[in-house]
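Input: a single structure, listed below in structure tokens.
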Amino acid sequence: MSKGVDEIFRRAKEGQPLFVERNALSPEYVPDRLPFRDEQAGAVAEVLAPVLHDSKPSNLLLYGKTGTGKTAVARYVISRLRKEAEIKQLATAYVNTRLANTEYRTLALFADALGLPQEKRIPFTGLAIGEVMDRIFEHIRLTEARVVLVLDEIDYLVKTFGDETLYKFTRSNERLSPGFVALVGISNDLKFKEGLDPRVLSSLSEEEIVFPPYTVDELREILTARAKTAFRPGVASPAAINLCAAIAGSEHGDARRAIDLLRIAGEVAEREGLREIDDTCIRRASDKMEHDRVEEALRSLPIQNKAILLAVSKFKSGTNTGELYLAYANICRRIGIEALTQRRVSGILAELDLLGLIEASVVSKGRRGRTKKIQLLIGSEALQKTLLEDAALASLE
DNA sequence: CCTCCACTGGAAACCTAGGCTC
DNA sequence: GAGCCTAGGTTTCCAGTGGAGG
């Protein structure tokens, strides 16, 4: 055991660090220049420019698939805007509505970004949505704040909670003058406008900018630029960068994935004590990303979902809802937790399906009824190993 | 063509944990 | 402290259903 540790330390000491600026490959990093996005950045800047003359800019929608640079462009332009702006009351906020997860928390994060005074702070639960809204508007009115609010993954907000909140935002500005709230919406979903109230739509999409996916060539150039700041010279060869760009490019030009891949490949190479990133590192990084994704998903599951998954893993060749429920109830008994109802278990199975951990499709077996056909999509050994790390399940050894 | 199984999945009610105001 | 609010997970109830076997 200790030999392995020593070995790792020895190698780490001998090998030179490959990174000089690891941050340049982190997801939050906003580079000085955004290659291939000059046009879009310029367009965003043009829309927001009126802020500099203290008037409210048009609301704006940014469209494009994941990893096409929407968020980066928005952040980039906002940071430049802050630099230029002489108005004291300028406030900018960025909220990712999917990460915020609920309407309430989206508003709470927005309020945080505005810096509401201590006694007006939004607690993480307990207030009516309307009350939160009132506090925010009240604050903006009192401080005469000029606010640019970026709502990332706005399609998620609308899809799950409706467009009520957006409607209120778009209608609030009369009351706030001379302050205002300008919205910058970011959406992955090109069709999300269809479900929107026409009044919201016309106000929200006063301006629209579309972000096309990156081509493999563009990805390559982006990676080359990032690699130059991130690594020592010679660490990331053109061939290595090509491969990263190709792997990510085959998944619809997602720059975020490409950058993650390169960073992780660099970490793999560093740990191995290599001088440069080779193909094997990249392949392993690619596997690791997939593996981490699954493991992370497993770990963060509630205990009931874990018990259900564990029950699924007992059936080598698939099972159905009724049979699974018995196995699950048995596990619950053994670890001493209350079993959920079959209705709920059925719902959780659908959630696990959505996460890509199992496949649960409805099949009809004629006289023998209708049920979900359930199949594990990941290795059952790895799954059990990860799940049994949970103290509550450990007694199943 | 009809039946009837073993569920599915929608709807509504309920519960808990948190926080508000008075 | 009472009585109100919310989010989010769960239970209860139940009408609905695809298709193999009759």
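Below, chains carry the letters A, B, ... as their sequence lines are ordered, and counting in each starts from 1.
The distance from atom NZ of A/Lys365 to atom P of C/dA20 is 12 Å, rounded to the nearest whole Å. Between A/Ile303 atom CD1 and C/dT10 atom P the separation is 12 Å, expressed in whole Å. Atom OH in A/Tyr104 sits roughly 14 Å away from atom P in B/dG18 (whole-Å rounding). Note: CE (A/Met133) to C1' (B/dC20) measures 19 Å, nearest angstrom. Rounding to whole angstrom units, CG of residue A/Leu109 and P of C/dA7 are separated by 15 Å. At whole-Å resolution of the value, OH in A/Tyr325 and C1' in B/dT8 are 16 Å apart. Put simply, CG on A/Leu324 is 15 Å from C1' on B/dT8, counting in whole angstrom units. Summarising the geometry, the separation between CZ on A/Arg368 and P on B/dT3 is reported as 22 Å, rounded to the nearest angstrom.
Side-chain atoms of A/Lys372 and A/Ser346 include a donor-acceptor pair closer than 3.5 Å. A donor-acceptor contact closer than 3.5 angstrom is absent between the side chains of A/Glu153 and A/Thr97. A/Asp152 and A/Thr71 share a side-chain donor-acceptor pair at under 3.5 Å.
Among A/Phe169, A/Tyr104, A/Tyr94, the one residue that satisfies the ring pair (Phe, Tyr, Trp, His ring centres under 6.0 Å) test with A/Phe110 is A/Phe169.
The existence of a salt bridge linking A/Arg22 and A/Glu270 is confirmed by a sub-4.0 Å separation between a basic side-chain nitrogen and an acidic carboxylate oxygen. In summary, A/Arg284 and A/Glu267 do not engage in a salt bridge, as defined by a charged side-chain N under 4.0 Å from a carboxylate O. A/Arg299 has a carboxylate O that lies under 4.0 Å from a charged side-chain N of A/Glu389, or vice versa, which qualifies the two as a salt bridge. At a threshold of 4.0 Å, the pair A/Arg141-A/Glu138 counts as salt-bridged, since one of the basic side-chain nitrogens sits closer than that to a carboxylate oxygen.
Other residues, nucleotides and ligands contribute over 12 non-hydrogen atoms within 6.0 Å of the CZ atom of A/Arg80.
The overall bend of the helix from B/dC1-C/dG22 to B/dC22-C/dG1, read as the angle between its terminal helix axes built from five base pairs each, is 20° when rounded to 10 degrees.
The stretch residues 340-362 of chain A touches DNA chain B through A/Gln342, A/Arg343, A/Ser346, A/Val362, each having a heavy atom within less than 4.0 Å of the strand.
Listed candidates were B/dT3, B/dT8, B/dC20. Nearest to the side chain of A/Arg367 is B/dT3.
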